[in-house]
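I have placed the structure first, in the form of structure tokens, so that the comments after it can refer back to it.
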Protein chains: 2
Amino acid sequence: MTKLTNNVSKRERDCLILLKEESRGDFPMRLHEIASTMHIKPPTALNIIRRLKSKGFVDAQDGMVKLTNSGDSLSKSILMVHRTFESLFCQSGVPESRACKEAGEIDFLINRENAMKVLKRIDSPAACPHGKPIKV
Amino acid sequence: MTKLTNNVSKRERDCLILLKEESRGDFPMRLHEIASTMHIKPPTALNIIRRLKSKGFVDAQDGMVKLTNSGDSLSKSILMVHRTFESLFCQSGVPESRACKEAGEIDFLINRENAMKVLKRIDSPAACPHGKPIKV
DNA sequence: TAATAGCATTAGTATAATGCTAATTCATGA
DNA sequence: TCATGAATTAGCATTATACTAATGCTATTA
């Protein structure tokens, strides 16, 4: 596969973001919850979780899955990039939902520092179109 | 793999762009030339070429490889996106070579229409940092 | 307590993309 | 004619992605 900046694949990215956004506080997610949200079967989800675990981004035990500190900061970083580009697309006139989708395809591929520069270039909006803060 | 907007993978993208930029006029490229430029072995290059052929983006015969009309317009489209984002990164203060690399990771994933909107948002530069025209 | 329901996990399979080496074929020029 | 260079084939490996079927485990309920 392509060599990735953060060393996560698309589905691993999806899973990280899911964990970051769905887990309220320290409350971990269950495997079957992850699977159904991602529209995949539990064994497939388990596979993704396993890869994330081997990379040190999640802790998983008996189907309870949560981000490690490292996974948490990676998620934050990806979300920052995501919201930056989402904002760019929206400012450019791309409808919100398409902007979000488009940003999701690239947010895990773009270097954090470069995204922060882009954020300044587009006038440092404080929040993405959904109202979520960009700098976490 | 991820479902891609243009239905090409990273290496297929690399190969398309190579063919677009290296072929002078109708002059096709040789397989071994493609392979060495891409830093891969001929059989690996052949594989990529075969996939591109099956998607209708190149014609290949006896190691002579050239873009079809469809491959040519896809390349143009990817290059437009590439130069747009390269310009964005440069305008943001990312050094030219890193801007180019970063753009290359995402140019084949981003929708043409959305990129055109972004181009307007960043003041419609006529050329990318290397001086190549953005709207081909 | 024993059965079952629900969830996790294992095993096995498949596909696509990416890459390699070794062997073979084929044409061309010395 | 023979050697060289190039393309191609065959075979293999890895990673990411996804599935089904079978198994295991736990906790609740009848």
Side-chain angles (χ1 to χ4, degrees), chain A residues 1-19 22-23 27-66 71 74 78 104-109, chain B residues 1-19 22-23 27-66 71 74 78 104-109:
Chain A
M1 255 227 113
T2 310
K3 203 202 160 184
L4 309 167
T5 294
N6 297 308
N7 214 39
V8 283
S9 67
K10 180 58 163 54
R11 292 308 254 161
E12 286 162 14
R13 173 263 178 215
D14 291 343
C15 189
L16 277 178
I17 298 304
L18 178 64
L19 285 166
E22 297 297 289
S23 352
F27 201 68
M29 281 187 91
R30 307 233 57 146
L31 185 69
H32 70 268
E33 219 185 327
I34 294 170
S36 72
T37 312
M38 291 181 73
H39 305 291
I40 54 181
K41 304 292 170 192
T44 304
L46 190 60
N47 237 307
I48 294 169
I49 295 298
R50 237 180 238 143
R51 292 199 307 267
L52 286 172
K53 198 177 172 183
S54 82
K55 292 172 185 176
F57 296 132
V58 304
D59 275 338
Q61 219 128 49
D62 304 308
M64 306 297 270
V65 186
K66 59 174 188 171
L74 177 53
I78 293 175
E105 298 294 325
I106 61 175
D107 54 17
F108 65 109
L109 296 170
Chain B
M1 255 225 115
T2 310
K3 203 203 161 184
L4 310 168
T5 295
N6 297 309
N7 215 39
V8 283
S9 68
K10 180 58 164 53
R11 292 308 254 160
E12 286 162 13
R13 173 263 177 214
D14 291 343
C15 189
L16 276 179
I17 298 306
L18 178 64
L19 285 166
E22 297 296 290
S23 355
F27 200 69
M29 281 187 90
R30 307 233 56 145
L31 185 69
H32 71 268
E33 218 187 328
I34 294 171
S36 72
T37 311
M38 291 181 73
H39 305 291
I40 54 182
K41 303 292 171 192
T44 304
L46 189 60
N47 235 307
I48 294 169
I49 295 298
R50 235 180 239 145
R51 294 199 304 269
L52 286 172
K53 198 177 171 184
S54 83
K55 292 171 185 178
F57 297 132
V58 304
D59 275 338
Q61 218 126 49
D62 304 308
M64 306 297 270
V65 185
K66 58 174 189 171
L74 177 53
I78 292 174
E105 298 295 323
I106 61 175
D107 54 16
F108 65 108
L109 296 169

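Worth knowing before you read on, the calculation uses all heavy atoms, side chains too, and leaves out hydrogens, waters and symmetry mates. Reminder, nothing fancy here: chain letters follow the sequence lines and each chain counts from 1.
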- request: Look at all strands and tell whether I40(B) reaches a base, only sugar-phosphate, or nothing, counting heavy atoms closer than 4.0 Å.
  value: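 If one applies the 4.0 Å heavy-atom cut-off, I40(B) turns out to touch the sugar-phosphate alone, with no base involved.
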
- prompt: Just wondering, do V65(A) and R30(A) contact through their side chains at under 4.5 Å, heavy atoms?
  reply: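 Not touching, per the 4.5 Å side-chain cut-off.
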
For the pair made of [atom1] in [X] and [atom2] in [N], what is the distance, rounded to whole Å?
X: M64(B); N: dA7(D); atom1: CE; atom2: C1'; value: 12 Å
X: K41(A); N: dA22(D); atom1: NZ; atom2: C1'; value: 16 Å
X: L46(B); N: dA10(D); atom1: CG; atom2: P; value: 12 Å
X: D14(B); N: dA17(C); atom1: CG; atom2: P; value: 14 Å
X: R13(B); N: dA16(C); atom1: CZ; atom2: C1'; value: 20 Å
X: M38(A); N: dA16(D); atom1: CE; atom2: C1'; value: 12 Å
X: R30(A); N: dT9(C); atom1: CZ; atom2: C1'; value: 13 Å
X: I48(B); N: dC20(C); atom1: CD1; atom2: P; value: 9 Å

message: Counting only side-chain nitrogens and oxygens, does R50(B) get under 4.0 Å of the OP1 or OP2 atom of dT9(D)?
response: yes

task: Answer yes or no: is there an ion pair linking K53(A) with D59(A), defined by an N-O contact shorter than 4.0 Å?
output: no

- prompt: Looking only at heavy atoms, what is the nearest atom pair of L109(A) and E105(B), with distance?
  reply: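 Smallest interatomic distance, heavy atoms only, reads CD1-O, 3.7 Å.
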
- request: Return the minimal non-hydrogen interatomic distance between V8(A) and F108(A), and the atom names on each side.
  value: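 Closest approach of V8(A) to F108(A): O-CD1, 3.5 Å.
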
So which nucleotide from [options] ends up closest to the side chain of [X]?
X: S9(A); options: dA6(D), dA16(D), dT9(C); result: dA16(D)
X: E12(B); options: dA17(C), dT21(C), dT10(C); result: dA17(C)
X: P42(B); options: dT8(D), dG19(C), dT10(C); result: dT8(D)
X: K55(A); options: dG19(C), dA10(D), dA16(D); result: dA16(D)
X: R11(B); options: dG19(C), dT9(C), dA18(D); result: dG19(C)

query: Closer to the 5' end of DNA chain D via nearest nucleotide, is it H32(B) or N47(B)?
result: H32(B)

- request: Begin from the C-alpha positions of T44(A) and R11(A) and carry the test side chain to side chain contact (heavy atoms under 4.5 Å, CB included) through to its verdict.
  value: CA-CA 10 Å; T44(A) 304; R11(A) 292 308 254 161; over 6 Å; no

